[in-house]
Structure formats: structure tokens, C-alpha cells
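Here is the structure we will look at.
Because only heavy atoms are used, hydrogens play no part in the values below, and waters and symmetry mates are left out as well, while side chains stay in. Letters A, B, ... mirror the listed sequences (proteins, then strands); counts begin at 1.
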Protein chains: 2
Amino acid sequence: MTQLQRRKIPDAAIARLPIYLQILNNLAVTNVLRFSSDELAALAGVNAAKVRKDLSYLGSYGTRGVGYEVTYLIYQIKRELGLMREWNVVVVGAGNLGCALAKFDGFLSRGFPVVGIVDNDPKKIGRTTSSLTVGDVADLKNIVRDEKVNIGVITTSSAAAQSAADALIEAGITSILNFAPVVLSTPSSVSVRHVDLGVELQILSYYEQMRIETGIKSDSSPELSKVGVQ
Amino acid sequence: MTQLQRRKIPDAAIARLPIYLQILNNLAVTNVLRFSSDELAALAGVNAAKVRKDLSYLGSYGTRGVGYEVTYLIYQIKRELGLMREWNVVVVGAGNLGCALAKFDGFLSRGFPVVGIVDNDPKKIGRTTSSLTVGDVADLKNIVRDEKVNIGVITTSSAAAQSAADALIEAGITSILNFAPVVLSTPSSVSVRHVDLGVELQILSYYEQMRIETGIKSDSSPELSKVGVQ
DNA sequence: AGGGCTTAGTGCATTAATTCACAAAGTCAG
DNA sequence: CTGACTTTGTGAATTAATGCACTAAGCCCT
């Protein structure tokens with residue numbers, strides 16, 4: 001493969017790029033043309049050196065003494081993250097959360113249109129939510145092929161999550177966002193990200209209890225979470 | 001403060017304890033009495049030494065040559081995470097996601113009852129979702145006091161998120177779970193965890209693009225996300 | 001044209017997290 | 001009771017991430 005060797009960017013930096021992108025998009029809307037690493041650092045709640053290092057993984061796109069150009073950096077981050085195109089999403093599990101996500105415009109607006117939602121419950125199959133009709137999980141393979149799905153979102157019960165994952169992988173999906181509170185077993189060629197709301201609350205619980213036990217001296221808990229790392 | 005100095009547990013370990021707890025609860029249901037660090041490591045998808053080190057932060061509760069007792073470890077993890085009690089949750093923002101979360105039984109079942117949901121939109125105030133009536137965000141202070149709320153969950157639009165956070169903090173809340181795609185500005189005495197679904201998808205997008213560009217040689221993306229860290 | 005000012009980029013020290021690898025401590029069979 | 005076997009607990013090595021502090025570059029004012 002005579003392909004230009006791709007820069008290896010640390011995972012921790014990759015997880016911050018979407019946050020920067022978010023902020024830069026807001027700056028663009030308010031017609032800000034330029035920003036310095038200090039400014040972005042303040043807005044993102046991180047260290048300025050970290051911002052510069054993170055951005056330097058993209059290439060040397062700043063100007064010393066001046067800063068970075070908002071629109072150009074937006075372009076570069078999007079390019080790096082693979083956001084120059086859309087990625088189609090299928091939701092597996094048409095419960096409360098699954099339906100809420102299917103309706104959620106934050107997905108579409110960020111370039112991740114939800115092109116299908118499926119379930120294994122005959123009572124749910126055929127129902128319509130926003131503009132989608134709930135399909136049969138058994139048809140996943142066809143849906144993935146016909147709708148050119150790239151990413152699977154699992155919002156089933158924890159009992160059904162592993163078989164949902166198996167079905168997605170069988171259908172050729174290699175990126176999964178899992179909301180079910182179970183650790184999925186998947187080949188290492190598949191990327192899985194796990195969002196567990198219970199886990200988030202339990203982590204908060206730890207720091208909250210800590211504050212109570214130590215008499216609210218506080219200041220020991222991290223400002224930002226692991227989701228969208230600080 | 002003549003309090004027993006609390007063991008300082010690394011943040012990364014704290015974020016894994018809820019995952020272990022999850023798995024142990026499942027083991028308990030299937031009447032498994034004991035487990036070894038190897039077994040738990042396999043189930044959690046992590047290294048066995050990491051499991052042992054994480055559990056050792058709780059104290060020396062294993063037996064060499066034997067392993068750990070399921071129920072005893074569940075007890076110890078819950079104690080450490082502050083899960084011997086319930087923590088009351090209020091949801092700010094009664095949109096799709098907020099209502100889905102208010103209904104979500106995963107919160108209650110893990111000891112985080114949702115005791116209130118509020119919004120600032122007069123059209124939404126007064127509506128009933130599951131067993132809750134949407135209150136006015138202006139009453140947040142009273143709700144927090146009367147319902148003994150410990151944790152605030154923000155599911156507003158990104159435009160409204162900062163003022164929602166300010167209102168929560170003003171009402172005395174020190175733990176916030178934020179779903180809005182903005183970085184909140186908060187005093188360091190407040191713990192904030194940020195779950196941004198768009199960010200999760202964008203991270204997946206990066207690794208997906210990487211696989212495509214490098215010709216699906218794969219194996220370079222992390223197995224588990226930062227939310228509920230590996 | 002030049003000097004002062006600002007800010008990116010980065011080498012290096014530090015800190016945090018992970019993993020290895022082994023001694024210590026226990027079980028169990030005979 | 002002894003010796004083989006298992007598995008914990010943890011120092012020490014390694015790897016990853018962070019943040020400092022300085023150099024290099026470019027702007028702007030005079």
C-alpha cells in the first residue's frame with residue numbers, strides 16, 4: 001500500500017478534536033475569524049499547551065504571533081475526523097431511548113443521518129417514529145446494504161445487546177455505539193464506544209460522596225468527564 | 001477534621017468500578033459465588049493485573065489461591081462508590097431526550113430516582129411524562145430543596161445549557177451530568193460529566209475513516225470508549 | 001528597517017496509567 | 001504434614017498523557 005502514512009494521533013487528542021470543532025463552529029457563527037490557543041483553551045476548559053499540541057497533530061496550520069483561522073481549522077479538523085462526508089446510522093432497539101435518538105436532530109446536523117431503526121419485538125415492528133418505520137432486526141443485513149449504513153447504535157435491553165452487536169457485525173458494520181449496560185464482546189477490528197448512563201451517575205456519586213465525607217472541601221474532582229475528555 | 005483519610009483512588013480506576021459492579025451483579029444473579037481476577041478481566045475486556053490493582057484500592061478483599069467473593073465485592077464497590085444510598089436526580093429540559101431519561105428505568109434501578117423534570121418552555125410546563133409533571137425551571141431551587149435532589153441532568157438545547165447549569169448550581173447542586181453539546185463553565189467544586197452523542201459518533205468516524213484509508217488492516221482502534229473506560 | 005510584542009510549535013520533565021512479573025499466601029490432595 | 005498448584009497483591013518497568021518553558025516566526029508600530 002503506497003499510501004501516505006497516516007499521522008498517528010493519540011487517542012486522547014482524537015477525543016478532544018470534536019470538542020474543539022464544536023467550539024469553532026460556534027465561533028464561526030458569531031463571525032469570529034481568528035483564535036489563539038489561549039482563547040480556545042479557555043473555551044474548552046483545558047490547558048493551552050494541550051490545545052497547541054492537539055492542533056499540531058493535524059499539521060502546522062497556525063501563524064505565530066497571530067493564531068489560527070477559524071474556518072481553516074474547522075476544515076482541517078473535519079478532514080482529520082472523517083467528517084467531509086456523511087456516515088449513515090442504524091439504531092437497533094426501538095424503545096424510549098432508541099426512538100428519542102432516531103428523532104434527535106443532533107445526529108443529522110452533525111452529519112450522521114439515522115437511516116433506519118429496527119427491533120426484534122413484533123409489536124414494535126411497523127410502527128413509525130419521526131419519518132422512520134421500525135424494521136425487523138432480521139432484515140439488518142439488507143438494511144445495512146441498501147441504506148449504506150456505516151455505524152450501528154445499540155439501544156436494546158442489556159439482555160439483547162450482544163446479539164444486536166453480533167447481528168450488526170454479521171451485517172458488516174465495524175463501528176458501534178453501545179448504550180446498553182453490558183460489555184460487548186467483539187473482534188478487535190470493530191470499534192466500540194460505550195455510553196452507560198448508569199456508570200456516569202455512579203461516577204458522580206463517588207465524587208459527591210467524597211465531598212460529603214470530607215466536609216465539602218471539594219476541588220478534588222475532575223472538571224470534565226471522560227466522555228469528551230478534559 | 002479527624003476523619004479517617006480517604007484512600008485516593010485514581011480517576012481511571014473509579015471509572016472502571018461501575019463496570020465491574022455491573023458484571024458482578026450479573027454473576028450474582030446466576031448464583032456464581034466466587035471469581036478470579038482473570039475471569040473478571042475477561043468479562044470486562046481488560047487486563048487481569050488492572051483488575052487486581054483496581055480492586056486492591058478498595059482494600060485487600062481477595063483470597064490468594066482462591067479469588068474474590070462476588071457478594072462481598074459487590075458490597076465493597078457499592079460502599080466505595082457511594083451506592084449504599086439513593087441519589088435523587090432532577091432533569092432539566094423536557095425534550096425528547098429529557099423525557100426518555102425521565103422514563104428510563106435504568107436510572108431508578110441503579111439507585112438514581114428521577115424526582116423531577118423542569119423546562120423553561122410554558123408549552124411544556126404542566127405536561128405529564130411517566131409519573132412526573134414538568135415543572136418550571138424557575139422553581140428549581142424549591143424542587144431541589146423539597147425533593148432533596150443531589151444530581152442535575154441537563155438535556156436542554158446547547159443554547160440553554162449554561163443557564164441550566166447556573167440554575168442548578170445556584171440551587172445548590174454539585175453534581176451535573178450534561179448531555180448538551182457545550183462545555184459548561186462551572187466552579188471547580190462542582191463535578192461535571194459530559195456525554196455528547198455527536199462527539200461519540202465523530203470519534204467512531206475517525207477510526208472508521210482510518211480503516212477505510214488504510215485498507216481495513218484494522219486493529220488500531222481502542223476496544224472500549226472513554227465513557228466507561230476500558 | 002528594526003525592535004518589541006505576540007503566539008505557534010515543540011523538546012523535555014513530570015505525572016498518571018498500564019502492564020509485567022514475582023513473592024506471598026492461601027488451598028487441596030494424599 | 002508436605003508439596004504442588006492457584007491466585008492475590010504489589011514493586012518496578014513501561015507507556016501514555018500532560019504541562020512547562022523556551023525557541024522560532026511573524027505582525028505591527030515607529
Looking only at side-chain atoms of Ser36(B), point me to the closest of dT10(C), dA21(C), dT8(D).
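So the nucleotide nearest the side chain must be dT8(D).
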
Against the side chain of Asp11(A), the closest entry in dT18(C), dA8(C), dA17(D) is dA17(D)

Non-hydrogen side-chain atoms of [X] and [Y] separated by less than 4.5 Å:
X	Y	result
Leu33(B)	Val70(B)	no
Leu177(B)	Ile154(B)	no
Leu17(B)	Tyr20(B)	yes
Val90(B)	Val114(B)	no

Atom [atom1] of [X] and atom [atom2] of [N]: how far apart are they, to the nearest Å?
X	N	atom1	atom2	answer
Arg52(A)	dT6(C)	CZ	P	15 Å
Leu73(A)	dT7(C)	CG	C1'	14 Å
Lys50(A)	dA17(D)	NZ	P	11 Å
Tyr61(A)	dG9(C)	OH	P	10 Å
Arg34(A)	dC28(D)	CZ	P	7 Å
Asn47(B)	dT15(D)	CG	P	14 Å
Ile9(A)	dG9(C)	CD1	C1'	15 Å
Tyr57(A)	dG11(C)	OH	P	11 Å

Are Tyr68(B) and Tyr61(B) close enough that their ring centers fall under 6.0 Å?
no

Please tell me if [X] has a side-chain N or O lying less than 4.0 Å from either OP1 or OP2 of [N].
X	N	result
Ser60(A)	dG9(C)	yes
Ser37(B)	dT8(D)	yes
Arg16(B)	dT18(C)	yes

Among Leu201(B), Leu197(B), Val199(B), Leu204(B), find the residue that satisfies the side-chain contact (heavy atoms from CB on, under 4.5 Å) test when tested with Arg193(A).
Leu204(B)

Below 4.0 angstrom, which residues in residues 62-69 of chain A have at least one non-hydrogen atom near DNA chain C?
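DNA chain C contact set from residues 62-69 of chain A: Gly62(A), Thr63(A), Arg64(A), Gly65(A), Val66(A), Gly67(A), Tyr68(A).
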
Would the base of dG9(C) count as contacting Lys53(A) through its side chain, where contact means a donor and an acceptor less than 3.5 Å apart?
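There is none.
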
Sequence neighbours left out, cut at 3.5 Å: what donor-acceptor pairs do the side chains of residues 23-30 of chain A make with other protein atoms?
from	atom 1	to	atom 2	distance (Å)
Asn25(A)	ND2	Leu21(A)	O	3.4
Thr30(A)	OG1	Asn26(A)	O	3.2
Thr30(A)	OG1	Leu27(A)	O	3.0

In terms of the nearest nucleotide of DNA chain D, which residue is placed more toward the 5' end: Phe35(B) or Asp54(A)?
Phe35(B)

